[in-house]
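Quick notes on the structure that follows.
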Amino acid sequence: MTAKKGVEPTPILNALHSMQEKEGKLTRASLEEIAKAHNMPIANIFDAVTFYHYFKLDGDSDKKSAICKGPVCSLPGIKGQDLADMRSISCPGLCDSPVPIFADGEFRGTKGVDQVFELPHDTGTKGVIFRDSRKRKGWILDEYIKFGGYGQLQSLINDQNPEKALGVLKESGLLGRGGAGFPLALKWGAVRNAEGSEKYIVCNADEGEPGTLKDRPMLHLEPHLLLEAMAIAGFIVGASHGIIYLRYEYPLAQNILNKAIEAAEDANILGNNINNTDYSFYLSVSRGSGAYICGEETSLLNSLEGKRPWPRERPPFPTTSGLWGKPTAVNNVETLSVVPRILENGAKWFQSVGLGEGNFGSKLYSVSGDVNRPGNFELPLGVTVRELILNHAGGVVGGGKVKAFTLGGISGGMLSGDFLDLTLDFKKPQEYDTFLGSGALVVLGEDSCVVDFARSCAVFFEDESCGKCYPCRIGAVRMRELMDGISGDSSLIPDTLDHIKEIGDVMTTASACGLGQSAPKVLQGMVKYFSEELDFHITKRVCPTNVCGFDANNTS
Amino acid sequence: MLKEETLKVVINGQEVESSFGKTILECARDSGVDIPTLCFDSRVKATAACRLCSVNVKGRRLPVAACAQKMEPGMEITTDSSDLESMRKTILDLVVSENPTGECVRCEEIGPCELHTLTKRYGSKPGRFHGALSGEKSKDTNPFIFRDYSQCILCYRCTSVCGELEQAHAIVPAGRGFGSRIAAAFDSGLLDSSCTFCGQCIQTCPTGALMDRKMLGQAKASEVTKVKTVCPYCGTGCGLNLHVANNKVIGTTPDWDSPSGEGSLCVKGQFATDFVGHKDRLKTPLIRRNGVLTEATWDEAYDLIVEKFTQIKEESGPNAFTFWTSARATTESNYIMQKFARAVIGTNNVDNCSRT
Amino acid sequence: MVGRGAMSNSIAELKESPFILATGTNTTETHPVIALKVKKAVSNGSKLVVIDPRRIELANFSHRYMQIKIGTDIALYNAMSNVIINEELYDKEYVAERTGGFEELKHFIREYTPQYAEQITGIPSEDIIATAREYAAADSASIIYTVGITEHSCGVHNVQSLTNLALLTGNFGVTGGGVNPLRGQNNVQGAGDAGCLPNNLPGYQRVGDDAARANWEKEWGVTLDPNPGVTKVTAIDDMILGRMRALYIMGENSLASDANAGKTRKALEALEILVVQDIFLTQTAELADVVLPAAGFGEVDGTFANSERRVQRVRKAVNPPGVAKPDWQIISELGERFGYKKKFNHPAEIWDELARNTPILAGISYDRLDFQGIQWPCPTSDHPGTAVLHTDNFESEKGYLMPIPHVGIAEPTDEEYPLILTTGRRRATYHTGTQTGRSAGIELLVPHEWVEINPEDADELKLDDGEVVSVISRRGRVQSPIMITEKSPPGVIFMSFHFPNETPTNVLTTDLHDPITETPEFKACAVKIEKIAQHHKNQSDKNGTQNTNQSLKMAG
């Protein structure tokens, strides 16, 4: 019998997870066993393990139950009850179902388990990725195939003309949906042209940005679309392995993906000699263990290699030196998932989907916070904030005005309600020192406190800073401390605003990766657009919305 | 070969020739432009942690880390704009904000540490940014490497040197974010780790976080002189500096210019020089009297040798003597010994321990 | 044979060498800093083949480790020559122009097929073939070795058969190539350079060379004996026979470091006068009639020559204790009392006398050594020194390929003595422990001697890890705890000689030696292990070796 799977190229994370599942924790003996099996120094395994939220070493305290205290879940309209004495977890991507709880190894939003099969909201448009999702169960191979699934992969293999497919993608103008907006065809062309016979396709399914939950429905409902896209990518760039780096917080997606891979391999649609052709493409899922930084592509690659997931210096870029130093295409779930659609319907069609000049295709927007209808929305790229928040997400809870909204989860910056006409594309937000990022918006109504929200954001970045570069490692802590002072949790430091500005500038300009560079953005938006509210906090020691906990002594 | 081709770039308005494969930092330093760093050790891969070496490159939105960025033809680089300098000052203010204030033992006893040399230059003082401190003094009791991580600035030079250069993989970064720390596996002491005690972590450390425990408490830095010499152990001939205070060798540091050592030492050169001046040292000549070795003067010792040697030489000739010299002593002393054998006694019976 | 008893190339060059063959060298332990260059080369993609009977640490860095049966080196290198010649991988031009003896070697080597060598060495023939091919194919290939090659009764032949490989492939005179003995002691090279050899005047000028002798006679104002003197090994025999009546030892703990310590003791005790000049009262000094206190390292000015022929300045940092004096000064003063009046005020004057009569050192002066050392040959004051030997020619005009037959070790195992003892060093300790034994903390790293023994042998002898045993050879017995380790191959035990008081390993070793250099076979002698009666066994490691002072005496 021929091997269905190739050798798993990134076995270490999964080995650690299996060991932890078996023994409840990672003991010295089990780490030594893994170190030996993978020819790694024991200290390096220890190094990597201590980085993540969810690996548990002997002697670590039990994370029995915990809740999300992220920026979205801490909004006064959402948190409802005082959960201060519960342990906190980093954002598990259930911002549309707040406040999620982590217990017995499961993450549960208030909407319960059914949520995993919840489609994006119906926006009245046809949809690109979720085009067929209301008509059939996309996670079942037969149904996926019934609607033309794996047809694009098969015709690509039959045509033997990857250059042509790459040309179509280039013409379509598809930009990466992970946040950076890099042209997909350029990236794949670079990997295709890179030297070396061993290449990899890596899918970044590690969305961890507060407010961002767009990958979740794709992974749960359209896994085969992703697998087909990865196999197409492999054919185009010349790779025979695809790895999905899945965030720890989506355990169900792991099951769904593994089952989908198995079914497709059993049917010889993926795996060894696909449909008895020369093309083989193997897929595996590697599960992260709780680290926001792993959404950064070079950190992700280090994580896959079992190393400390610090970002790498670039150049070299992953396209020439990625996983194990080999040329690698790292793409977001959403970017990959539209690829079969483009190949099916053509570049012109894809271009016609977007709104406004240069905006091609659809975009999955996640909306959370003080809105009536939080969740995901597949809409043409370039829709306005107004339309997204007021029409699709049902407006602010209680009918009030939008006080503020963030972009890119919380890393793309924060604007005031005066900017509702902003178009949500890759260019326009940059004019206001913000960026679209993942396409997630967190909305603050008038009862929310911008200062407290900014403080929560600072806490998030402090928790998630990897600790490599100084501006971020130290800056993130100092920013949170300064915010604590403003919101009354500790004494106010003189020159607080100057310090926020100074440290923010250094973080933005000098941090090693996007995390540090964007970490101060919400705070910078606060300073820029909410100076009055801020001044109340600082000089009057009063929170106008009564969210910040000033002591009686302080409120003179 | 392409690699050896030169390229031209502009640094601070001056055209400079460099070669492919070099980083901006290397090229700048080659051409006499100083860019401050804290996390850089040329022998290992740049981690680009401190970002002090960030420079502006024309056409780039953000500054780039000069230690990690390779030169590209035509680059126009600015290393010393006021924006960059004030960024450096802010970073240094942040760095000193994570450590306790108070005197630096390394500066006091061993010599100015890199961190405080830089903070002095930038006029950076602790206390401008307030907040939590990082790191704590290690409980590790190993006799060689003093570890006080309250002084650590997480430059990760020690872990890079341990992993990449020495490849001992004894210490690694652990944890994450502001809680990151330097640790041996399972936070054990170094004696229970794969540490070889080469001491390279101490030598690369830019602060007082890692120091030679044996050297501590011996003298003030101002009382110490450094004498450049060569390690007395194996045949590698690593260069080292003996640190001397009050006629006592208090420790060693590597000689970075040593052609064979290239700045490295092993546990012996680094930590095993206390035999110099050890209490067991022979201090006077000894003569066997009534079967017991007893103290004597040089004259007594010489007289005894002359008397006995003369007698044997007269009776049996020069070839009844043999001289064993030392592969541990200087070439000059060895030369004198064989000269004594050949020219004074008259025998070629001279040998050294090269075959043992 | 090509001439010099020194590294043909330089230490730092190893970093750049594309292929390193490390044989008979436990580099990470004996030359840790040289090992760094090898590790660096491997990290940069160079190939490393390690040949050693023990699975030493360096093997972990190699791409091929070949576990050779002790004392079968010649068969291995001959088989590699066989492959290189048969497959015509040798450098034809180089062999024709620069070497002699090719046809004889070609004829001789025919019987040394890789299959034949496999039977002798235990190394699979395919590994021998692959290594020969890689060695020959490399742009340059460096051979490094330590006393694992020379401390055999066939040490010279080992070196000669190894040298054949470098000659066949043109690896002399090229950067990153050569044959490189890594010398064990700081100034073993300098002692040889200075003429401390019975057959050599300074600078390796033969005592039988009339012109050289005449030159030195003129310099010293005496008549010199044209006949070579005796080596240490012969001298010991002569002492026992009563022919050698006086011995003057400068800085050597011969009783502990020389092979067959029982015999050495007997010889020293037979002397009429033993003068020992040293920095500590060593085991050897305890036997002396006169002990002279010398100034040691850090207390004297002078030079050391390292393994790569680099003459380097050592400097006085502190005053010697008591009335101790530099070695050169003591001997000069003694010379004066014998009527030899030449006086030196400083080692620089001694150097000048040596250098001006020694062509290879003539260009070196203290002034030039001030910043960095210089590698000999350095014939003139404007010569930069020589990093790579034999770039133009060999000492003997041509490099001679030598047909060397394989011979077994001098003392093979038998029923009574079924194990082979091989000796060596451990990283943190040095030689007889005179210096490292007096450096605080070292005792924590290597607290005492261990007998390293393979688990199979330990099983057969029913030994527990850490158990104190007697190790017995035909010449004596010692006691030591054992360490059960896969590092030792079955049938071979390893011991160091760092603890001459507690475990005087050299009472076991044989003084059977190489006929040319008279270097004893420290690397192999036949021993057996005996359990010690039960009541001893419970004693801890620390106490377990307390009786061994007695065994030192008993052995005599």
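Order of the sequence lines sets the chain letters (A, B, ...), proteins ahead of strands, with each chain counted from 1.
Heavy atoms closer than 4.5 Å to chain B are found in both the backbone and the side chain of C/V230. With a 4.5 Å cut-off on non-hydrogen atoms, C/N200 touches chain B through its backbone but not through its side chain. Interface remark: C/T150 contributes no atoms to any contact with chain B (heavy atom separation under 4.5 Å). Only the backbone of C/A288 comes within less than 4.5 Å of a heavy atom of chain B; no side-chain atom from C-beta onward does. Residue C/K325 touches chain B through both its backbone and its side chain, counting heavy-atom pairs closer than 4.5 Å. Of the atoms belonging to C/Q372, it is side-chain heavy atoms, and not backbone ones, that fall under 4.5 Å from chain B. Residue C/A387: no heavy atom, backbone or side chain, is found under 4.5 Å from chain B. Using a 4.5 Å cut-off between heavy atoms, C/I330 touches chain B through backbone and side chain atoms alike.
A salt bridge between B/R281 and C/E299 is present, with a side-chain N of the basic residue lying under 4.0 Å from a carboxylate O of the acidic one. Salt bridge B/D255/B/K228: present, at least one basic N to carboxylate O contact under 4.0 Å. In this structure, B/D274 pairs ionically with B/K214, as a charged nitrogen and a carboxylate oxygen lie closer than 4.0 Å. A salt bridge between B/E300 and B/R289 is present, with a side-chain N of the basic residue lying under 4.0 Å from a carboxylate O of the acidic one.
Taking the six-membered ring for Trp and thresholds of 30 and 60 degrees, C/F304 and C/F297 have nearly parallel ring planes, at less than 30 degrees apart.
Remark: side-chain polar atoms of C/S257 are paired, donor with acceptor, to backbone N or O of C/N253 under 3.5 angstrom.
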